[in-house]
S.K.: 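Can you read through this structure? Questions will come right after.
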Amino acid sequence: MSGIHPSAVIEEGAQLGADVEIGPFCVVGSDVRLGDRVVLKSHVVITGDTEIGDDTVVFSFAVIGEIPQDLKFKGEKCRLVIGKRNRIREHVTMNPGTEGGGGLTKIGDDGLFMAGCHIAHDAHVGNNVIVVNSAAIAGHCVLEDNVIIGGLSGIHQFVRIGRGAIVGAVTMVTNDVIPFGLVQAPRGELDGLNLVGLKRRGVARSDITALRAAFQMLAQGEGTFQERARRLGGETDSDYVQEIVDFVTGNSDRSFLTPGG
């Protein structure tokens, strides 16, 4: 107990891993499970059926696991599961799932959630995701691995953001974003590919070239967006391009942001 400040409130039933640190005036609820070496700075609230993975740090005034901002929520038992090595900064809010959305909000490993951002009910967030200050991820969204959401941006409910995509600051995204896509403008437009992110991750030049050609085909080819994607799938031997094809032709509750608007 030496790592727990005497002013912290740890409710009976909470499960704490080894070497946990809990700072002044924190509140940890009875159904909370903290992994090894989790750190809660001062004035952090962790409540509900919430699990936080090893080596995650939660900064002051974050509220994690409080009930969803959904008027359909009637107190049903739902969960929030947060992976390992996340950095959850000041005033971040993350809500558990709802019965109508599967009952689970899930956050992957190694994420950075900057000050004031929000992760709503039933969202599924992958690994190595960055959500910048004051961005809001609405209910039922899916953010795949290595996604970056710019500051003051909003992601509409049920939207999927494909792996490696980037959303610029002050952008509203109302439709799905293909893997590796670049979205910007006040009302989000698919404006290209996240070339900087691809190069930083060491993606081969041949794959980047294939992605650029695929984007041009999606932007200017004949037929609907889905028809172009299916045709592209029959012509490519790039795994990265095939990932875009699979994303576009998969199940979705939204339409897509397409090149040029």
Side-chain angles (χ1 to χ4, degrees), residues 83 101-102 104 106-111 122-131 137-150 153-168 171-185 187-261:
L104 174 66
K106 187 172 183 181
I107 312 294
D109 300 332
D110 300 300
D122 304 294
H124 286 216
V125 178
N127 301 321
N128 300 297
V129 167
I130 299 174
V131 182
I137 312 302
H140 312 279
C141 289
V142 175
L143 275 59
E144 296 185 353
D145 294 348
N146 300 307
V147 163
I148 298 175
I149 307 297
S153 294
I155 311 300
H156 195 283
Q157 61 185 353
F158 293 103
V159 161
R160 299 180 303 148
I161 309 291
R163 184 170 75 95
I166 184 168
V167 175
T171 299
M172 180 65 202
V173 180
T174 57
N175 293 310
D176 290 355
V177 178
I178 61 172
F180 319 113
L182 165 65
V183 175
Q184 55 189 358
R187 200 69 174 182
E189 298 177 357
L190 185 62
D191 200 33
L193 295 169
N194 184 11
L195 296 174
V196 172
L198 291 166
K199 291 173 182 176
R200 285 176 176 172
R201 286 191 291 276
V203 175
R205 182 182 295 274
S206 59
D207 281 310
I208 293 177
T209 300
L211 282 167
R212 297 181 77 164
F215 187 87
Q216 289 300 314
M217 181 174 176
L218 289 173
Q220 301 174 359
E222 297 181 355
T224 67
F225 189 65
Q226 281 80 5
E227 288 170 346
R228 289 176 235 161
R230 292 190 188 97
R231 189 163 63 250
L232 186 60
E235 299 174 359
T236 187
D237 56 5
S238 167
D239 290 341
Y240 288 88
V241 174
Q242 188 62 48
E243 186 172 342
I244 293 177
V245 171
D246 293 342
F247 187 91
V248 172
T249 57
N251 293 326
S252 176
D253 294 305
R254 309 291 300 180
S255 58
F256 288 86
L257 291 182
T258 57

S.K.: May I have all residue pairs that pass salt bridge (charged side-chain N to carboxylate O under 4.0 Å, His left out) and include part of residues 231-244, sequence neighbours excluded?
M.R.: Arg163-Glu243
S.K.: Find the distance between CD (Gln157) and SG (Cys141) and round it off to the nearest 0.5 Å.
M.R.: 8.0 Å
S.K.: Checking side chain to side chain contact (heavy atoms under 4.5 Å, CB included) against Ile178, which of Val245, Ile244, Thr258 comes through?
M.R.: Ile244
S.K.: Ignoring hydrogens and angles, write down the donor-acceptor pairs under 3.5 Å from the side chains of residues 211-222, residues two or more places apart or on other chains.
M.R.:
unit_1	atom_1	unit_2	atom_2	d
Gln216	OE1	Gln220	NE2	3.3

S.K.: Among all residues two or more places apart in sequence or in another chain, which pass the side-chain hydrogen bond (donor to acceptor under 3.5 Å, both in side chains) test with Gln242?
M.R.: Asp246
S.K.: Any side-chain heavy-atom pair from Arg230 and Thr249 closer than 4.5 angstrom?
M.R.: yes
S.K.: Provide the closest heavy-atom pair for Val177 versus Ala165 in the form atom of the first, atom of the second, distance.
M.R.: CG1-CB, 4.0 Å
S.K.: Flag the pair Phe225 / Pro259 as yes when at least one side-chain heavy-atom distance between them is below 4.5 Å, and no otherwise.
M.R.: yes
S.K.: Taking the side chain as everything from C-beta on, heavy atoms only, tell me whether Ile161 gets closer than 4.5 Å to Val142.
M.R.: no
S.K.: Taking the side chain from Thr171 and the backbone from Gly168, do they hold a donor-acceptor pair closer than 3.5 Å?
M.R.: yes
S.K.: Is there side-chain contact between Ile148 and Val167, with heavy atoms separated by less than 4.5 Å?
M.R.: no
S.K.: Please, which pairs that meet salt bridge (charged side-chain N to carboxylate O under 4.0 Å, His left out) have at least one residue in residues 191-211, sequence neighbours excluded?
M.R.: none
S.K.: Who passes salt bridge (charged side-chain N to carboxylate O under 4.0 Å, His left out) against Asp110, sequence neighbours left out?
M.R.: Arg85
S.K.: Begin from the C-alpha positions of Ile137 and Leu143 and carry the test side chain to side chain contact (heavy atoms under 4.5 Å, CB included) through to its verdict.
M.R.: CA-CA 9 Å; Ile137 312 302; Leu143 275 59; 3.9 Å; yes
S.K.: Name all residues meeting the side-chain contact (heavy atoms from CB on, under 4.5 Å) criterion together with Ser206; count only those two or more places apart in sequence or in a different chain, and write none if there are none.
M.R.: Ala204
S.K.: Would you give the length of the straight line joining atom CG of Asn146 to atom CG of Asn128, rounded to the nearest 0.5 angstrom?
M.R.: 5.0 Å
S.K.: Determine, step by step, whether Ile155 and Ile149 satisfy the side chain to side chain contact (heavy atoms under 4.5 Å, CB included) criterion, reporting the C-alpha distance in whole Å, the side-chain angles of both residues, the deciding distance to 0.1 Å, and the verdict.
M.R.: CA-CA 9 Å; Ile155 311 300; Ile149 307 297; 4.1 Å; yes
S.K.: If we ignore hydrogens and angles and just use 3.5 Å, is the side chain of Asn127 paired with the main-chain N or O of Asp109 as donor and acceptor?
M.R.: yes
S.K.: Can I get a per-line list of side-chain donor-acceptor pairs under 3.5 Å for residues 250-257, giving both atom names and the distance, sequence neighbours left out?
M.R.:
unit_1	atom_1	unit_2	atom_2	d
Ser252	OG	Asp176	OD2	2.4
Ser252	OG	Arg254	N	3.0
Ser252	OG	Arg254	O	3.0
Arg254	NE	Thr174	O	3.0
Arg254	NH2	Thr174	O	2.8
Ser255	OG	Asn175	OD1	2.7

S.K.: Do Leu182 and Leu193 have side chains that get closer than 4.5 Å, going by heavy atoms?
M.R.: no
S.K.: Indicate yes or no: at least one non-hydrogen side-chain atom of Gln184 is less than 4.5 angstrom from one of Glu189.
M.R.: no
S.K.: What verdict does the side chain to side chain contact (heavy atoms under 4.5 Å, CB included) test give for Leu232 and Val241, after you've listed the backbone C-alpha separation in whole Å, the side-chain angles of each residue and the deciding distance to 0.1 Å?
M.R.: CA-CA 8 Å; Leu232 186 60; Val241 174; 3.8 Å; yes
